[in-house]
Number of protein chains: 2
Amino acid sequence: MAIKERKEREKQEMRNLIIESATQLFLKQGYDKTSIRSIADDIEYSPATIYLYFKDKDEIFYVIHENAFDLLDKELRKHDAIADPFERLGAIGRTYIRFGLENPDYYDLMFIMRAPMEQIKNEEKWKAGECAFGYLLTTLSECLEQKKIRPADLHVTAIMVWSFVHGLVSLYVRERMCILMMPDDATRGVLYNSFDLFMANLKT
Amino acid sequence: MAIKERKEREKQEMRNLIIESATQLFLKQGYDKTSIRSIADDIEYSPATIYLYFKDKDEIFYVIHENAFDLLDKELRKHDAIADPFERLGAIGRTYIRFGLENPDYYDLMFIMRAPMEQIKNEEKWKAGECAFGYLLTTLSECLEQKKIRPADLHVTAIMVWSFVHGLVSLYVRERMCILMMPDDATRGVLYNSFDLFMANLKT
DNA sequence: TGCATTTACTAAACAGTGTTTATTATATTC
DNA sequence: GAATATAATAAACACTGTTTAGTAAATGCA
């Protein structure tokens with residue numbers, strides 16, 4: 001009965017269609033303005049149809065959340081070739097920051113929004129996320145082994161590094177850095193200089 | 001005509017009543033679940049009445065936003081007496097983190113949410129915020145003068161410190177630190193250890 | 001092929017949201 | 001006491017996410 005397989009394939013295609021439309025609308029208008037009705041309009045189906053393929057709005061954005069992590073992961077792993085772990089750490093950090101500034105809506109979904117976390121907490125997922133964080137842990141443990149950075153607990157160091165770059169990006173994308181009262185490019189300059197200073201302080 | 005003054009007073013009292021109710025509901029249930037209707041219910045007026053005293057929901061939460069900054073500012077300035085600026089910086093940092101963890105909804109409104117920022121950007125306000133950030137700048141400039149921390153640009157250093165503690169708090173309150181797969185108190189332990197490590201790295 | 005059943009889809013409704021408008025009741029002024 | 005200004009509201013508007021009941025088409029079986 002190949003008919004069942006075709007049905008399964010069609011179901012998956014419909015899910016993809018919804019996700020593609022949702023992603024495109026989300027990146028254009030953000031989470032709040034992307035309503036189930038606007039997605040339904042876009043794919044030319046009724047709103048109720050979407051609920052045949054996804055439990056609720058959160059489930060849709062959880063898929064986008066996963067895709068975004070795959071994207072970030074790919075970006076970060078581009079620095080795999082850098083032999084020196086401290087140099088690699090710097091490259092990873094700068095790429096992380098750039099990713100956040102260039103994809104503020106993705107960054108929001110991944111690290112700021114509360115909504116899609118409901119899905120994640122219960123399950124053993126957080127897959128790609130674990131992956132990117134795992135990459136940070138690996139790089140930092142190399143740095144520690146080779147005494148490129150000051151000796152300290154691995155997890156404590158990882159949380160320090162991640163919190164710092166996350167702080168930079170999230171204060172910027174949520175427009176709190178306007179406290180500097182500088183034009184936008186000057187603010188970005190301070191941001192990147194701040195990262196360099198952090199790395200210098202980290203160095204042995 | 002004292003009657004006009006009484007009217008003015010009554011208007012202010014009504015505004016206070018709304019703000020008090022909104023604050024209480026907000027701290028109990030968060031921003032999204034605090035609807036205009038629920039505030040109206042609480043103060044036993046119709047929803048439309050609220051719009052006679054506030055332009056929109058954002059304006060209400062902008063007032064709460066200001067109050068929250070006053071609260072944080074008061075907490076931070078408790079360390080005024082600490083003579084050594086580096087020690088004072090540490091105390092300020094730990095208090096900032098504790099404030100965030102103990103008042104996650106206030107912290108959200110102050111540093112994470114997008115909503116009330118619309119009010120702020122245009123005006124010259126951001127008052128109390130400027131104040132708390134100003135306090136950080138003062139303390140850091142003393143640290144730099146007395147060579148307690150590594151020499152660097154003041155604003156770059158300030159953004160580094162603020163971004164770091166904000167990163168710690170916001171990753172925690174938005175439940176991203178669950179990546180550590182540790183029980184909650186262990187996570188908090190890592191968080192505070194991470195702050196101590198940061199301070200050690202900052203030291204001359 | 002014809003009928004029963006499952007599947008895919010949707011119109012309409014439900015319970016909410018922030019906000020506006022037209023109306024009423026009260027208080028103030030002349 | 002009549003005219004006017006003020007305060008409050010009921011009802012509606014335009015949205016939101018989600019559910020329910022009903023329809024039309026595709027499938028399974030005789």
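Protein chains get the first letters and strands the later ones, always in sequence-line order, with residue 1 at the start of each.
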Open item on the list: Please determine whether a side-chain nitrogen or oxygen atom of T49(B) lies at a distance below 4.0 Å from atom OP1 or OP2 of dT9(D).
Closed with: yes
- [ ] Let me know the distance between CD1 of I36(A) and P of dT16(D), rounded to the nearest Å.
- [x] 10 Å
Task: Electrostatic pair E142(B):R88(B) at N-O distance under 4.0 angstrom - done: yes
Task: Any Y53(A) side-chain nitrogen or oxygen under 4.0 Å from OP1 or OP2 of dC9(C) - done: yes
Task: Nearest-Å distance for atom pair CG/C1', residues D41(A) and dT10(C) - done: 14 Å
Open item on the list: Quick check: do L180(B) and H155(A) have side-chain heavy atoms less than 4.5 Å from each other?
Closed with: yes
TODO: Could you go through the side-chain hydrogen bond (donor to acceptor under 3.5 Å, both in side chains) check for T138(A) and S141(A) one step at a time?
DONE: CA-CA 5 Å; T138(A) 313; S141(A) 99; over 6 Å; no
Task: Whole-Å gap separating C1' (dT7(C)) and CD (E10(A)) - done: 11 Å
TODO: May I ask you to check whether over 12 heavy atoms, not counting those of E44(B), lie within 6.0 Å of atom CD?
DONE: no
Open item on the list: Rounded to whole Å, please give me the gap between OH in Y31(B) and P in dT17(C).
Closed with: 13 Å
Open item on the list: Checking contacts here: which listed nucleotide (dT9(D), dG17(D), dT18(D)) is nearest the side-chain heavy atoms of A48(B)?
Closed with: dT9(D)
Open item on the list: Strictly below 4.0 Å: does S46(A) bring a side-chain N or O up to OP1 or OP2 of dA11(C)?
Closed with: no
Task: Nucleotide dG18(C), atom P - distance to NZ of K33(B) in whole Å - done: 14 Å
Task: Y51(B) OH - dC13(D) C1' separation (whole Å) - done: 13 Å
Open item on the list: Run the side-chain hydrogen bond (donor to acceptor under 3.5 Å, both in side chains) test on D184(A) and Y172(A) for me, step by step, so that the C-alpha distance in whole Å, both residues' side-chain angles and the decisive distance to 0.1 Å come before the verdict.
Closed with: CA-CA 10 Å; D184(A) 196 60; Y172(A) 181 84; 2.8 Å; yes
Open item on the list: Quick check: on DNA chain C, is the nucleotide nearest L52(A) upstream (toward 5') of the one nearest R37(A), or the reverse? Name the residue that is more 5'.
Closed with: L52(A)
Open item on the list: Under 4.0 Å, heavy atoms only, any strand: does S38(A) hit a base, just the sugar-phosphate, or nothing?
Closed with: nothing
Task: Separation of atom CD1 in I50(B) from atom C1' in dA10(D), rounded to whole Å - done: 15 Å
Open item on the list: Rounded to whole Å, please give me the gap between NZ in K55(B) and C1' in dT20(C).
Closed with: 14 Å
